[in-house]
Amino acid sequence: MSASTTTAPIFILNGPNLNLLGLREPEIYGADTLGDVEKRCAARAAELGLAVDFRQSNHEGELVTWLQEARDAASGVILNAAGYTHTSVAIRDAVLACEKPVIEVHLSNPFAREDFRHHSFISDVARGVICGLGAKGYDLALDALAEICSSPRS
């Protein structure tokens, strides 16, 4: 199923320590590097007729700035806020302010981990949440946004 090509890309925003994918705790996060995830996303987006803008930052404020940019420059957002998921009211507020559909993605299942990871400041303001499926979660989020962004009411 192919969505109609959107004029604005899907922003794929990745938070702290995700630049260490493939090196950091591969038993939790898998062996794929962030570069591998980016290639996978680009390929899936091309199949769906979408463009993606893939970014990573270890800085909370930069993620906030990118979410604000998404308001005018993106069709939707895939957000893996990583550790900021559990701590950042600022990122939550930026998700609300961007007024685009946001899919929260996590490689691991936070609910199967430490108690402090069980709360997300983002989940209740995101359109959807995908967790625990590794890099496949990004594919599923792209599929969802392709459908959401091609519908008359996104």
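Below, all heavy atoms of this structure are taken into account, side chains as well, without hydrogens, waters or symmetry copies.
Two different hydrophobic clusters hold Val102 and Val129 under the rule that ILVMFWY side chains link at heavy-atom gaps under 4.5 Å. Hydrophobic cluster membership is shared by Phe54 and Leu140, with clusters built from Ile, Leu, Val, Met, Phe, Trp and Tyr side chains linked at under 4.5 angstrom. Under the 4.5 Å side-chain heavy-atom criterion for ILVMFWY residues, no single connected hydrophobic cluster contains both Leu34 and Leu23. There is no path of hydrophobic side-chain contacts, each under 4.5 Å, that joins Val77 to Leu107.
Inter-residue side-chain proximity for Leu142 and Arg44 is flagged as met; some heavy-atom pair is nearer than 4.5 Å. Using a 4.5 Å heavy-atom threshold, the side chains of Cys149 and Ile10 count as touching. Side-chain contact between Trp66 and Asp53: absent, with no pair of heavy atoms (C-beta onward) separated by less than 4.5 Å.
For the atom pair CG (Leu63) and CD (Gln68), the distance works out to 11.5 Å, reported to the nearest 0.5 Å. In this structure, OG on Ser150 lies 8.5 Å from CG on Leu50, to the nearest 0.5 angstrom. Once rounded to the nearest 0.5 Å, the distance linking CG of Leu133 with CG of Asn109 reads 8.5 Å. One distance of note links CG of Leu48 with CD of Glu147; it measures 10.5 Å at 0.5 Å rounding.
Annotation: side-chain contact (heavy atoms from CB on, under 4.5 Å) contacts of Ala73 (sequence neighbours excluded): Phe11, Glu69. Not a single side chain to side chain donor-acceptor pair (under 3.5 Å) links Asp32 to another residue, sequence neighbours left out. In this structure, the salt bridge (charged side-chain N to carboxylate O under 4.0 Å, His left out) partners of Asp139, at least two apart in sequence or on a different chain, are Arg40. Contacts of Asp36 classified as side chain to side chain donor-acceptor pair (under 3.5 Å), with partners at least two apart in sequence or in another chain: Thr33. Applying the side-chain contact (heavy atoms from CB on, under 4.5 Å) criterion to Ser108, with sequence neighbours excluded, gives Ile28, Tyr29, Arg113. Remark: Glu38 engages no residue in a side chain to side chain donor-acceptor pair (under 3.5 Å) (not counting sequence neighbours). In this view, Asp124 and Arg92 satisfy the salt bridge (charged side-chain N to carboxylate O under 4.0 Å, His left out) rule, not counting sequence neighbours. Annotation: side-chain contact (heavy atoms from CB on, under 4.5 Å) contacts of Ala141 (sequence neighbours excluded): Ile78, Ile103, Val105, Ile130. Taking the side chain to side chain donor-acceptor pair (under 3.5 Å) definition, one finds that Glu62 meets it with Ser57, sequence neighbours left out. Residues satisfying the side-chain contact (heavy atoms from CB on, under 4.5 Å) criterion with Thr87, sequence neighbours excluded, are Tyr84.
Heavy-atom minimum distance, Lys100 versus Ala74: CE-O, 3.2 Å. Closest approach of Pro110 and Cys131 over heavy atoms only: CD-CB, 3.7 Å. In plain terms, the two heavy atoms of Gly76 and Leu145 that are nearest each other are C-CD1, 4.2 Å.
Not a single donor-acceptor pair under 3.5 Å links the side chain of His86 to the backbone N or O of Ser120. Glu104 places a side-chain N or O within donor-acceptor distance of the main-chain N or O of Ser123, the cut-off being under 3.5 Å. A donor-acceptor pair is defined here as one N or O able to donate and one able to accept, closer than 3.5 Å; such a pair exists between the side chain of Thr85 and the backbone of Ala82.
The hydrophobic cluster containing Phe121 also includes Val89, under a criterion of side-chain heavy atoms closer than 4.5 Å among ILVMFWY residues, counted directly or through chains of members.
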Counting only pairs under 3.5 Å, give me each side-chain donor-acceptor contact of residues 12-21, with atom names and distances, residues two or more places apart or in other chains.
unit_1	atom_1	unit_2	atom_2	d
Asn14	OD1	Tyr138	OH	2.5
Asn14	ND2	Arg55	O	3.1
Asn19	OD1	Gln56	NE2	3.4

